[in-house]
Amino acid sequence: MNRKLLIRDLTLRDGQQSAFATRMNQSQVDRVLPLYKEANFYAMEVWGGAVPDSVMRFLNENPWDRLEKIHHAVGGASKLTALSRGRNLYGYAPYPDEIIDGFFKNAVASGLNIMRIFDALNDVNNVKSSVKYIKKYGGMADCAVCYTVDPKPEEPVGQPEPKRKGLFGLFGRKKVVESGVTYEPVFTNDYFLNKAKEMCALGADMITIKDMSGLIPPSRVAQLIPLFKRELDVPIDFHTHCTPGFGLGAVLTAIMHGVDVVDTVIWNFAGGPAAPALELIYIFCQKLGVEVDVNMDAVAKINEELLSIRRELDKYDAVKQFPKSFNPLTDALPAEVDQQFDRAIAAVKNKDEEALLQACHAIEAYFGFPAPDEQVKNAEIPGGMYTNMVAQLKQFNALEILPEAMKLIPSVRRDAGLPPLVTPTSQIVGAQAVNSAMNQKNARPKYANPSNQFVALVKGEYGKTPVPVDPEFRLQIAGTREEVEYDTSTYKRQDNPILEEYGGTRLAKDEKEELLMELFPAVATGFLRKLRQEEWETQQAKKAAEEMRLESTEVASDIQSEDEVVGHLVMSPMYGTILEVLVKVGDRVKKGDNVVILEAMKMENEITTEESGKVHRIFVTEGEIVKDGAPLVEIV
């Protein structure tokens, strides 16, 4: 075995985020860390993505503690990696350099070795600062090119060009005809290569082809990997997911075409919405004579513990389908299954994509991994985007319009400059498609109520879109024909108030906590306030001081029955978090004025009053969670 393949394990971040909504708590993570120290992975993705938000929002844990505890347990046995969204880091607006600098300084100091940096628009200018600062503090810049596809036409006009047979049949169509308009393909091989070259010019230490949706078929992998290897002088990593059914075949194809690193997940967390199982990749590499420098004995022990953890996470399990127990070191493959591995390898050599996928699907079916999701595959959107749209429509009790919302995605995406569908643009486009479908159902204009994020995207505040936005559409949505970049010079840092009720301490006590406030203002405010409360209560108990009753800041109070409503109530239209209260008691407001900003489905929604008058009562505070129909403000 002359060639060595490096493995980046995603289990503790992308794996558990894809399969269990990022609900692994610290005690569950701690149970596998001693085994990870023995596993000898090239790298472990353990942080970033949804982890910092989720551990505060749902687990009441400190994100910095998560990273530091993993670093302490694993040491230098594997590089620790994380995921961030370029200049946006983890928010929905670009941050100034001082925030990005502080974030990377603290991330590296807490144990981070590699940051995978991507931009939702593939706007290389948006990754520049992150590359600069991760390298400044001694970390590695892993720059990701986001793979995406040109949208399917909504209503094809005329006769489609005949399909080409063979490996590259999927890419034979040169033009798309939609509603009488002909579109040239945008997301070509040269498009992706040029983005990678621009990132290398910035100082990227490695390049990842990031297929966040699992939409890249093996035949496209067979084109891109050799192209990148030939044209770039840095290691190439390949990242994909299994949801639409391409994942295992795509990773095998990447390996056989010379990729340096692949992303995998350990058996009991793998497949379905996650990446392919390491154990299956190990079998393929054994057959190919490719060395996987991982301690598979340690992996088997990790997998046993993951089985118990997965059972504990049952209510968050997106699939609820456990694979068969299997250890490639000790369990023999049935002859017919072993032959499917050989058939898959032969299919890659023969450029027979159909045979490759059939063999891989047979392997996955035998082991009990989820079958391909045909709905996601046909829609050509990320699985998470689809589930977000379903959740949003359930909130509106309007699930019946899902097909219409799905049909609107291509046109919404084209109107917005054809952004790749990855966080946050996938949520922005998906939410707007839902809003537009609701509007059309109620005989309102398609873009009657664009979210603040959709307006910002069209305006240009997220960066350069792959194709320019029509100036007239930008005028309609954002009030300007000219593209307007986000001006970070106007950035205002979050307030860090003194909490007199907790002994006069600051809400954020150090730079790391201040960064949490900047990156996750709504969630971190509640988390840190609760943390300060717990610290104060502990301090008071130790001093044996008089007990103090602290005001609760966690849940918005319901209107008490004895409180008579004398005016117009502004109600919450959906479940969400109060980002900002825009009025004070006594303020005069007019019908249509914004009174509250509500975060729901990661979108900011401006809540208006339907009546003019004076603000009589305010029932909510910033950072609180409210239910659909909860009272927000009373106007008299």
Side-chain angles (χ1 to χ4, degrees), residues 5 7 10 14-15 18-19 147 149 166-171 209 211-225 238-259 262-290 292 319 321-324 326 328 331-378 380 383:
L5 177 71
I7 301 292
L10 308 179
D14 191 271
S18 297
Y147 179 81
V149 296
L167 177 62
F168 304 112
L170 288 173
F171 313 106
I209 298 174
D211 175 28
M212 55 282 169
S213 308
L215 294 178
I216 188 167
S219 46
R220 195 74 184 273
V221 176
Q223 298 175 28
L224 287 176
I225 296 297
F238 180 63
H239 172 96
T240 191
H241 291 250
C242 294
T243 315
F246 294 136
L248 183 59
V251 172
L252 173 62
T253 303
I255 294 168
M256 294 179 65
H257 283 82
V259 78
V262 295
D263 292 5
T264 66
V265 174
I266 294 175
W267 192 259
N268 278 312
F269 277 28
L278 166 63
E279 292 82 351
L280 298 181
I281 301 305
Y282 176 79
I283 294 172
F284 277 124
C285 287
Q286 290 293 106
K287 289 178 173 290
L288 291 167
V290 174
V292 175
V319 178
Q321 180 178 331
F322 286 70
K324 292 179 182 178
F326 178 70
D331 298 332
L333 290 173
E336 64 273 15
V337 178
D338 188 65
Q339 289 171 2
Q340 295 291 359
F341 283 90
D342 294 333
R343 288 180 184 132
I345 292 171
V348 176
K349 293 178 179 178
N350 295 330
K351 301 182 180 180
D352 188 341
E353 182 172 80
E354 184 176 353
L356 169 61
L357 294 177
Q358 286 177 353
C360 288
H361 294 165
I363 292 167
E364 291 171 318
Y366 169 77
F367 285 113
F369 289 105
D373 188 323
E374 293 296 328
Q375 206 161 17
V376 171
K377 177 182 175 181
N378 294 334
E380 293 187 333

Restricting to non-hydrogen atoms, name the atom on [X] and the atom on [Y] that form the minimum distance, rounded to 0.1 Å.
X: Ala275; Y: Cys242; value: C-SG, 3.7 Å
X: Ala270; Y: Pro276; value: CB-C, 4.0 Å
X: Pro218; Y: Gly249; value: CG-C, 3.8 Å

If you measure from [atom1] on [X] to [atom2] on [Y], what distance do you get to the nearest 0.5 Å?
X: Lys287; Y: Asp342; atom1: NZ; atom2: CG; answer: 3.5 Å
X: Leu215; Y: Thr240; atom1: CG; atom2: OG1; answer: 8.0 Å
X: Thr264; Y: Ile7; atom1: OG1; atom2: CD1; answer: 5.0 Å
X: Leu224; Y: Ile209; atom1: CG; atom2: CD1; answer: 5.0 Å
X: Thr253; Y: Glu353; atom1: OG1; atom2: CD; answer: 8.0 Å
X: Asp263; Y: Ile281; atom1: CG; atom2: CD1; answer: 11.0 Å

remark   = Those residues at least two apart in sequence (or on a different chain) that pass side-chain contact (heavy atoms from CB on, under 4.5 Å) with Pro323 are Trp267, Asn268, Arg310, Phe369
request  = Name all residues meeting the side-chain contact (heavy atoms from CB on, under 4.5 Å) criterion together with Gln358; count only those two or more places apart in sequence or in a different chain, and write none if there are none.
outcome  = Glu354
Check for a donor-acceptor pair, side chain of [X] on one end and backbone N or O of [Y] on the other, with a separation under 3.5 Å.
X: Gln340; Y: Ala362; result: no
X: His241; Y: Pro273; result: yes
X: Asp373; Y: Gln375; result: yes
X: His361; Y: Gly245; result: yes
X: Asp211; Y: Tyr147; result: no
X: Asp14; Y: Leu10; result: no

message = Any heavy-atom pair between the side chains of Pro244 and Pro372 that's under 4.5 Å?
response = no
key: Carboxylate-amine/guanidinium contact Arg343 Asp338, below 4.0 Å   = no
ask   = Should we count NZ of Lys349 as having more than 12 external heavy atoms under 6.0 Å?
value = no
Positive for side chain to side chain contact (heavy atoms under 4.5 Å, CB included) with Cys285, one of Ile255, Leu252, Val262 = Ile255
Geometric class of the Phe367/Phe341 ring pair [parallel <30°, tilted 30-60°, perpendicular >60°] = perpendicular
task = Apply side-chain contact (heavy atoms from CB on, under 4.5 Å) to Phe246 and Lys377, showing your working.
result = CA-CA 9 Å; Phe246 294 136; Lys377 177 182 175 181; 3.9 Å; yes
task = Evaluate the criterion side-chain contact (heavy atoms from CB on, under 4.5 Å) for residue pair Ile225 and Met256; output intermediate values, then yes/no.
result = CA-CA 10 Å; Ile225 296 297; Met256 294 179 65; over 6 Å; no
task = Evaluate the criterion side-chain contact (heavy atoms from CB on, under 4.5 Å) for residue pair Val348 and His257; output intermediate values, then yes/no.
result = CA-CA 9 Å; Val348 176; His257 283 82; 3.9 Å; yes
query = How would you list all residue pairs meeting salt bridge (charged side-chain N to carboxylate O under 4.0 Å, His left out) that involve residues 359-371, not counting sequence neighbours?
reply = none
side-chain contact (heavy atoms from CB on, under 4.5 Å) between Leu5 and Val259, worked out = CA-CA 8 Å; Leu5 177 71; Val259 78; 4.2 Å; yes
